[in-house]
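Everything below concerns the one structure shown next.
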Amino acid sequence: MTDAPEDGTDQALLAQLTLDEKVDLVTGASAWRTRPVPRLGIPDLKVSDGPNGVRGDGGPGARATAFPAGVCMAATFDPDLVGRVGRAIAVEARYRHVQVVLGPTINLQRTPVGGRNFECYSEDPRLSGVLGAAFVRGVQGEGVGACPKHYVCNDAEFERHTVDVRVSAAVLREVYLAPFEHVVRTARPWSLMAAYNRIGGVHACAHGELLDQVLREGFGFDGVVVSDWYAADDTVADALGGLDLEMPGPGRVWGARLRDAVLAHEVEQPRAEG
């Protein structure tokens, strides 16, 4: 039995959530799961890598179908085929009780020694965007959420977690953001992953200009922005900068710290309208 309202609207649920429950919803519970709110009938979500197969909980001995890596799929120049791969991965995700697939990877192959080049589609923004959108439509067409990554400029392996990427506004828009814009506008992914790195001195998870102004207002993204694993870095800056979910759990910068920030009036908690 649940106390959830009969109309089931987001605003009606939001009105019933306590501060602790709101914090729970935006702070991961474990490596691959979010936190539920049982009294309101809000379940936990299970997420899983990734772009070329579903690992489930990723534990020792876990088995999964290994699909061709992104660079191999891109070599086909065939969006229909990539869409079929997305659908097949979604079917396996549902079998493993996974609600969100952490992919596709639509960063660009900007250096030949990039350690994760194989996971990306191409050095070409247009090809990456078209194939990424096909993958997202394939996954979500089976009722599983997709999570394109890593937003944005996370295109080299050296100092991947800490690098500060400095590019001109034109290059940022025309090269690095282009695949994400195409995927968001044409495939409407349910979530998107913010990267580890900085862009112009600001962490991706706290980059209000790129998350709120460009992604949400400019591209029309209306899904959930989740941090890359351990990429969330600052309690207040991430909350004010546009991040929606810290992963994995238990939270390092959110959880109890986010609750304290709200009580200290450093962060405003979301409230139901009306």
Side-chain angles (χ1 to χ4, degrees), residues 28 31-32 47-53 55 58 69-71 73-74 100-111 113-125 127-129 131-133 135-136 139 145-167 171-173 175-184 187 189-212 214-216 219 221 223-234 237-238 241-248 253:
W32 304 108
V47 305
S48 177
D49 280 332
N52 67 314
R55 293 194 298 183
V71 66
M73 287 191 276
V100 180
V101 170
L102 302 176
T105 302
I106 53 175
N107 296 119
L108 303 177
Q109 297 165 351
R110 301 294 287 160
T111 167
V113 295
R116 293 177 68 168
N117 277 358
F118 68 92
E119 189 177 321
C120 308
Y121 289 122
S122 171
E123 75 282 3
D124 181 77
L127 179 60
S128 297
L131 296 183
F135 184 94
V136 169
V139 170
C147 186
K149 57 186 184 181
H150 309 81
Y151 186 83
V152 61
C153 295
N154 199 202
D155 305 276
E157 192 65 19
F158 180 68
E159 296 185 352
R160 179 171 177 264
H161 294 76
T162 58
V163 66
D164 183 10
V165 180
R166 306 247 175 186
V167 294
V171 171
L172 179 63
R173 171 69 72 165
V175 178
Y176 293 100
L177 285 170
F180 291 94
E181 179 175 13
H182 184 84
V183 169
V184 169
W190 299 348
S191 62
L192 185 142
M193 185 181 293
Y196 290 109
N197 54 285
R198 295 176 175 87
I199 307 97
V202 182
H203 275 285
C205 290
H207 209 304
E209 179 181 353
L210 289 176
L211 292 177
D212 288 331
V214 174
L215 181 64
R216 292 189 173 96
F219 299 169
F221 179 72
V224 173
V225 175
V226 55
S227 72
D228 203 342
W229 269 224
Y230 301 109
D233 183 70
D234 186 287
D238 291 342
L243 186 68
D244 293 315
L245 174 63
E246 180 196 0
M247 287 297 286
V253 300

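- For the side chain to side chain contact (heavy atoms under 4.5 Å, CB included) criterion with Val100, the lone passing option out of Ser191, Pro189, Ser48 is Ser191.
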Starting from the C-alpha separation in whole Å, work towards a yes-or-no answer on side-chain contact (heavy atoms from CB on, under 4.5 Å) for Ile199 and Leu210. CA-CA 9 Å; Ile199 307 97; Leu210 289 176; 4.1 Å; yes
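- Remark: His203 NE2 to Arg198 CZ distance equals 3.5 Å, nearest 0.5 Å.
- For Asp238, there are no side chain to side chain donor-acceptor pair (under 3.5 Å) partners, not counting sequence neighbours.
- Panel note: side chain Asn107, backbone Val152; no donor-acceptor pair is recorded below 3.5 Å.
- Here the CG-CG distance, from Asp233 to Leu243, works out to 11.0 Å after rounding to the nearest 0.5 Å.
- Asn117 meets the side chain to side chain contact (heavy atoms under 4.5 Å, CB included) test with Gln109; sequence neighbours excluded.
- Of the possible polar contacts, none joining the Asn52 side chain to the Ala69 backbone as a donor-acceptor pair under 3.5 Å is found.
- Side chains of Val184 and Leu192 form a contact here, defined as non-hydrogen atoms less than 4.5 Å apart.
- When all heavy atoms of Ala232 and Val253 are compared, the pair lying nearest together is CB-CG2, 3.6 Å.
- With salt bridges taken as basic N to acidic carboxylate O contacts below 4.0 Å, one links Lys149 and Asp49.
- The CG atom of Asn154 sits 11.0 Å away from atom OH of Tyr176, with the distance rounded to the nearest 0.5 Å.
- When all heavy atoms of Leu172 and Cys153 are compared, the pair lying nearest together is CD1-SG, 3.6 Å.
- A donor-acceptor contact closer than 3.5 angstrom is absent between the side chains of Glu246 and Ser227.
- The two residues Ala187 and Ala133 make their nearest non-hydrogen contact at CB-O, 3.7 Å.
- A ring pair (Phe, Tyr, Trp, His ring centres under 6.0 Å) with Tyr151 is found for one member of Phe219, Phe221, Phe180 and no other, namely Phe180.
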When you look at Asp164 and Arg166, which way does the side-chain contact (heavy atoms from CB on, under 4.5 Å) test go after all the steps? CA-CA 6 Å; Asp164 183 10; Arg166 306 247 175 186; 2.7 Å; yes
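- One finds the CD1 atom of Ile106 at 11.0 Å from the CD atom of Glu181 (value rounded to the nearest 0.5 Å).
- Contacts of Ser122 classified as side chain to side chain contact (heavy atoms under 4.5 Å, CB included), with partners at least two apart in sequence or in another chain: Asp124, Leu127, Ser128.
- Atoms CG and CG, from Leu215 and Leu177 in turn, are 9.0 Å apart once rounded to the nearest 0.5 Å.
- With sequence neighbours left out, Tyr196 forms a ring-ring contact (aromatic ring centres under 6.0 Å, His included) with His161.
- A distance of 11.0 Å separates CE in Met73 from SG in Cys120, rounded to the nearest 0.5 Å.
- Partners of Ala237 by side chain to side chain contact (heavy atoms under 4.5 Å, CB included), not counting sequence neighbours, listed by chain and number: Ala206, Asp234.
- With hydrogens and angles ignored, the 3.5 Å screen pairs no side-chain donor or acceptor of Asn197 with any backbone N or O of Ala156.
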Chi angles and distances behind the salt bridge (Lys or Arg N to Asp or Glu O under 4.0 Å) call for Arg116, Asp155: CA-CA 8 Å; Arg116 293 177 68 168; Asp155 305 276; over 6 Å; no
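- Residues Cys147 and Val101 have side chains not in contact (no heavy-atom distance under 4.5 Å, counting atoms from C-beta outward).
- Ala194 and Val225 get closest at one heavy-atom pair: CB-CG1, 4.0 Å.
- Here the shortest heavy-atom pairing between Phe135 and Pro104 reads CD2-CD, 3.5 Å.
- Looking at Leu108 and Val175, their side chains come closer than 4.5 Å, going by heavy atoms from C-beta outward.
- The side chain to side chain contact (heavy atoms under 4.5 Å, CB included) check on Pro248 picks up Trp229, Tyr230, with sequence neighbours excluded.
- Looking at every heavy atom in both residues, Leu211 comes nearest to Gly242 through CD1-C, 3.8 Å.
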